[in-house]
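So the structure is just underneath, and the comments pick up after that.
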Amino acid sequence: MFALRALVLLLLLCAPNATAFAQDYPTRPITLIVPFSAGGPGDVIARILASAMSATLKQSFVVENAVGAGGTLGTNRVAKAPPDGYTLLLMHVGQATAPALYAKLPFDPVGDFSMIGLVTDVPMILVARPNFPAKDLTELVARIRSEGDKLTFGNVGLGSASQLCGLMFMSATDTKLTPVYYKGGGPALNDVIAGHIDVYCDPATGPTPHIQAKTIKGYAITSKKRVPTLPDVPTSAEAGLPAFDVTTWYGLYAPRGTPKPVIDTLVASLKTALRDPALVSRFAELSMAPVEEERATPEALEAFLKAEIVKWGRIIKAAGIEPQ
């Protein structure tokens, strides 16, 4: 009986403290972990988002690039961080592909995180070297089928958006390309421009200026409709390949156990940020858009993540890729 009374007293004492903590949050800068290199699409998105959210939370964000192991090192760091709302994670579709790509993950992509919400779906663009002899996607696929694995496909390694896009493209067209691996999207794009590799697929933020400058060819973008920055590039559905449906979506996470009032504050800030005209404009310049407000919620992110884990697990297995 004494032990029960002590437990009840402890809970009563802690509850006001937790409420006060949530009401005061945040009282210091928030660290936003980005498991990608500086200057890449994820880093750019993180800095735009951090600027918009800091305006509503009245606290600064520190964007920290924690790269390595396909994004799993930075992700694991957030999974093991104190659940106080001061260490957050911005992670892309790799959160869903990690279970199929890695035999022993040090974290549970779903269970070790408190979801905040989806941020954006960045469409992918399929591009080729400037002198590739195909005027549209139909001719490109026909040439790949005729030449088989003689043609090369650049990607940035295991779990990267470019690799996942390549897997989806080959799955949708029932083709096979020879992979060429790079340490970053910049070197891969440079080799496409120089004609050293044949085909590449990357989030729209990277190839857009090169397509505009006509230094590479853009064949299809995986958005639902054409983007204003690339009006001459058809959607994958318009180009005759609706099954080529892949986006590099980004979600915002906190460590598991983060108090609900803190999560609620972050969700409200995220929704406000995604309506910010400056953020919307900057995203549009990069050929992307914020998600709809109903998707910027913990429930939407969790449901979407679970569905994506199943989808990519099937695609990765069909491609014959063994977990590392």
Report task. Using the side chain to side chain contact (heavy atoms under 4.5 Å, CB included) rule, take Tyr250 and His92 through it: C-alpha gap first, then chi angles, then the decisive distance, then the call. Result -> CA-CA 4 Å; Tyr250 287 81; His92 66 14; 3.5 Å; yes

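- At most 12 heavy atoms of other shown residues, nucleotides or ligands fall within 6.0 angstrom of atom CG in Asp174.
- Residues meeting the side-chain contact (heavy atoms from CB on, under 4.5 Å) test with Thr247, sequence neighbours left out: Asp121, Thr222, Trp249.
- No more than 12 heavy atoms of other residues, nucleotides or ligands shown are found within 6.0 angstrom of NZ on Lys260.
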Query raised in the report: Going through the distances and angles, do Leu274 and Glu293 end up as a side chain to side chain contact (heavy atoms under 4.5 Å, CB included)?
Result: CA-CA 8 Å; Leu274 296 182; Glu293 184 169 332; over 6 Å; no

Report task. Could you check Glu285 against Arg282 for salt bridge (charged side-chain N to carboxylate O under 4.0 Å, His left out), going step by step and ending with a plain yes or no? Result -> CA-CA 5 Å; Glu285 292 173 5; Arg282 187 73 181 97; 3.0 Å; yes

Query raised in the report: Between Phe153 and Thr178, does a side chain to side chain contact (heavy atoms under 4.5 Å, CB included) hold up when you go through it step by step?
Result: CA-CA 6 Å; Phe153 191 99; Thr178 297; over 6 Å; no

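- Side-chain contact check for Ile144 versus Phe169: some heavy-atom pair is nearer than 4.5 Å.
- With respect to Lys271 and Asp276, no salt bridge is recorded, no charged nitrogen being found less than 4.0 Å from a carboxylate O.
- If you check the side chains of Thr235 and Ser223, you find no donor sitting under 3.5 Å from an acceptor.
- Counting all heavy atoms, side chain and backbone alike, Leu140 lies closest to Ala134 at N-CB, 3.5 Å.
- Smallest separation of non-hydrogen atoms from Thr72 and Phe107: O-CE2, 3.6 Å.
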Report task. Would you sort out whether Thr120 and Phe283 count as a side chain to side chain contact (heavy atoms under 4.5 Å, CB included), showing the intermediate values? Result -> CA-CA 9 Å; Thr120 184; Phe283 272 19; 3.9 Å; yes

Query raised in the report: Going through the checks in order, is the salt bridge (charged side-chain N to carboxylate O under 4.0 Å, His left out) test met by Arg143 and Glu139?
Result: CA-CA 6 Å; Arg143 184 164 288 271; Glu139 288 191 5; over 6 Å; no

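- Residues Val199 and Thr152 form no side-chain contact, since every pair of their non-hydrogen atoms from C-beta on lies 4.5 Å or further apart.
- At a cut-off of 3.5 Å, with distance as the only test, a side-chain donor of Thr208 or Ser287 sits close to an acceptor on the other residue.
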